[in-house]
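The structure appears right after this line, and notes come after that.
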Protein chains: 2
Amino acid sequence: MKETKPSPAGDLRVAESFRRWVAMPVDQASCPVRDVLDRLGEKWVTLLVMALVERPRRFSELFRLVPDISKRSLTQALRSLEQDGIVTRHVFPTTPPAVEYRLAPLGATMLEPLAAMIAWAEDNHGRIRAARRRYAAAEAKRSGASGSASS
Amino acid sequence: MKETKPSPAGDLRVAESFRRWVAMPVDQASCPVRDVLDRLGEKWVTLLVMALVERPRRFSELFRLVPDISKRSLTQALRSLEQDGIVTRHVFPTTPPAVEYRLAPLGATMLEPLAAMIAWAEDNHGRIRAARRRYAAAEAKRSGASGSASS
DNA sequence: AGTCAAAGGTCTCTATCCGAGACCATGTCT
DNA sequence: AGACATGGTCTCGGATAGAGACCTTTGACT
């Protein structure tokens, strides 16, 4: 049963984190939260982490699994994840070469908060779509009102 | 069994969510998780949610608070959040007009998972930076090896 | 009375990103 | 011999994001 009240401790941490960030003079690039969250916000990153939860996968496997990614973006996203220690990359010098990507321990610790976000997304997707419809309707009425006789 | 699995239920949910997504034939755009997560991944969105945790804020307040955002991007991000029902927008017809942005109830429910992500980011920022340094060092050694005579 | 500033944007220009798809080296299968 | 698979890289063109000029309205200041 989920309580409607938001979590006070979590909220405080969010607010505090933001306050800490905004206190920094120029060095926003090195704000830990932004640094990490911007990375995770990169288009394919979370999706690829999801794809590696079950088991390691090879490059072309991932490429086939995610239909609308390009090789270029896949390479970039995997490099990014590898750099950050979220996934590891193993080259098997077979022929043709096989490259396996695997969730690193650090990546595994990410799954818990990621799962929370995903759960939230699934739980609230309906509400969000409803809000979008309301917004679109309100906007249509607004722009329509300028064309039709008002009041 | 696996080694230390932090959250088996969460991992399962992530994997299941991904499997559901990949089962969709063409309609990836309507995958709930991608739909929502792509939105939240938009560059400034989470940061603005963080900025609104404490209290509602006005447009220029946010603009000053986030030093490296442009007005255009701020407007876009706030519109996006408004469309999704994460924030509400109130116009006070004073002069000059004041516009207040406030976290909507739906936005408040987001704080819990967001706090989890932020906590993870703060806790693991050091490890991530270390991983990046290791990667950079390894890369430097690789490209340096091509210059020097290797074996 | 004229000028200036502030709020909340919009508009334009440019830089960056992303996907599509060609290309590559190599070894296997037909 | 030639097509094919692997794991990429490279280039191209369109979409997207950021910087910063500009706009409008009105009150305050000179």
Side-chain angles (χ1 to χ4, degrees), chain A residues 26 28-29 31 34 37-48 51-52 56-83 87-102 135 138-139 142-143 146, chain B residues 26-29 31 34-35 37-48 51-52 56-83 87-102 135 138-139 142-143 146:
Chain A
V26 194
Q28 281 85 11
C31 164
R34 274 191 71 180
L37 255 53
D38 281 358
R39 269 301 172 89
L40 299 185
E42 282 171 19
K43 188 159 192 184
W44 301 105
V45 162
T46 52
L47 198 59
L48 289 175
L52 293 174
R57 293 179 192 270
R58 297 176 53 182
F59 184 88
S60 352
E61 204 179 348
L62 292 167
F63 186 59
R64 276 188 299 267
L65 214 48
V66 182
D68 52 349
I69 198 174
S70 65
K71 280 186 173 184
R72 187 178 178 276
S73 303
L74 180 55
T75 303
Q76 281 185 355
L78 288 171
R79 289 273 187 283
S80 175
L81 286 166
E82 190 196 355
Q83 279 176 22
V87 306
T88 57
R89 176 176 181 272
H90 281 272
V91 181
F92 298 98
T94 61
T95 164
V99 179
E100 187 193 75
Y101 291 91
R102 173 188 296 266
Y135 186 93
E139 198 180 18
R142 245 182 301 132
S143 65
S146 70
Chain B
V26 193
D27 210 7
Q28 281 85 11
C31 164
R34 272 191 73 182
D35 184 28
L37 255 55
D38 281 359
R39 266 305 171 85
L40 298 185
E42 283 172 18
K43 188 158 192 183
W44 301 104
V45 162
T46 52
L47 197 59
L48 290 175
L52 292 175
R57 293 180 193 269
R58 296 175 54 181
F59 185 89
S60 353
E61 204 179 346
L62 291 168
F63 186 60
R64 276 188 297 267
L65 214 48
V66 183
D68 53 347
I69 197 174
S70 67
K71 282 187 173 185
R72 186 180 180 274
S73 304
L74 180 56
T75 302
Q76 281 185 356
L78 288 171
R79 289 274 187 282
S80 174
L81 287 166
E82 190 196 356
Q83 279 175 23
V87 306
T88 57
R89 176 176 181 270
H90 280 272
V91 181
F92 298 97
T94 61
T95 163
V99 179
E100 186 194 75
Y101 292 90
R102 173 188 297 264
Y135 186 93
E139 197 181 19
R142 262 202 313 279
S143 66
S146 73

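Since the structure is predicted, the reported quantities are computational estimates derived from the model, not experimental observations. The sequence lines fix the lettering, A, B, ..., with proteins before strands; numbering per chain opens at 1.
For A/T95, counting side-chain heavy atoms from C-beta on, the closest listed nucleotide (D/dG18, C/dG27, D/dG27) is C/dG27. The side chain of B/A98 lies closest to C/dG8 when the candidates are C/dG8, D/dA19, C/dA20. Considering only side-chain atoms of A/R89, the nucleotide from C/dG9, D/dG8, C/dG8 that sits closest is D/dG8. Considering only the side chain of A/P97, D/dG7 comes nearest among C/dA7, D/dT9, D/dG7. Here the side chain of B/R79 is nearest to one of D/dG8, C/dT12, C/dG9, namely C/dG9. Of all nucleotides listed (D/dG7, D/dT6, D/dG8), D/dT6 comes nearest to the side chain of A/R64.
Contact annotation: A/W44 does not reach the phosphate of C/dC18 (side-chain N/O to OP1 or OP2, under 4.0 Å). Between A/T75 and D/dG8 there is no side-chain polar atom (N or O) within less than 4.0 angstrom of OP1 or OP2. Phosphate contact (OP1/OP2 of C/dA20, side-chain N/O of A/S70, threshold under 4.0 Å): absent. A sub-4.0 Å separation between OP1 or OP2 of C/dA7 and a side-chain N or O of B/Y101 is absent. Taking side-chain N and O atoms only, A/R58 has a distance below 4.0 Å to OP1 or OP2 of D/dG7. The phosphate of C/dC18 has OP1 or OP2 within less than 4.0 Å of a side-chain N or O from A/Q76.
B/F59 CZ to B/T75 OG1: the interatomic distance, rounded to the nearest 0.5 Å, is 3.5 Å. Here B/R102 contributes atom CZ and B/L52 contributes atom CG; the two are 10.0 Å apart, rounded to the nearest 0.5 Å.
Atom pair A/D38:CG and D/dG18:P shows a separation of 10 Å (rounding to whole Å applied). Taking atom CZ of residue B/R39 and atom C1' of nucleotide D/dT16, one finds them 14 Å apart after rounding to whole Å. At whole-Å resolution of the value, CD in A/E61 and P in D/dG7 are 9 Å apart. Put simply, CG on B/L47 is 16 Å from C1' on D/dA17, counting in whole angstrom units. In this entry the distance linking CG of B/L74 with P of D/dA19 reads 12 Å, nearest Å. Note: CG (B/L78) to C1' (C/dT10) measures 15 Å, nearest angstrom. With rounding to whole Å, B/F92 atom CZ is found 17 Å from C/dG9 atom C1'. When the P atom of C/dG8 is taken as reference, atom CG of B/L65 falls 14 Å away, rounded to whole Å.
Put simply, the side chain of B/K71 and the base of D/dG20 share no donor and acceptor less than 3.5 Å apart.
Heavy-atom nearest nucleotides on DNA chain C were determined for A/P96 and for A/I69, and the one closer to the 5' end corresponds to A/I69.
A/L37 has its side chain out of reach of B/L47: every pair of non-hydrogen atoms, C-beta onward, lies at least 4.5 Å apart.
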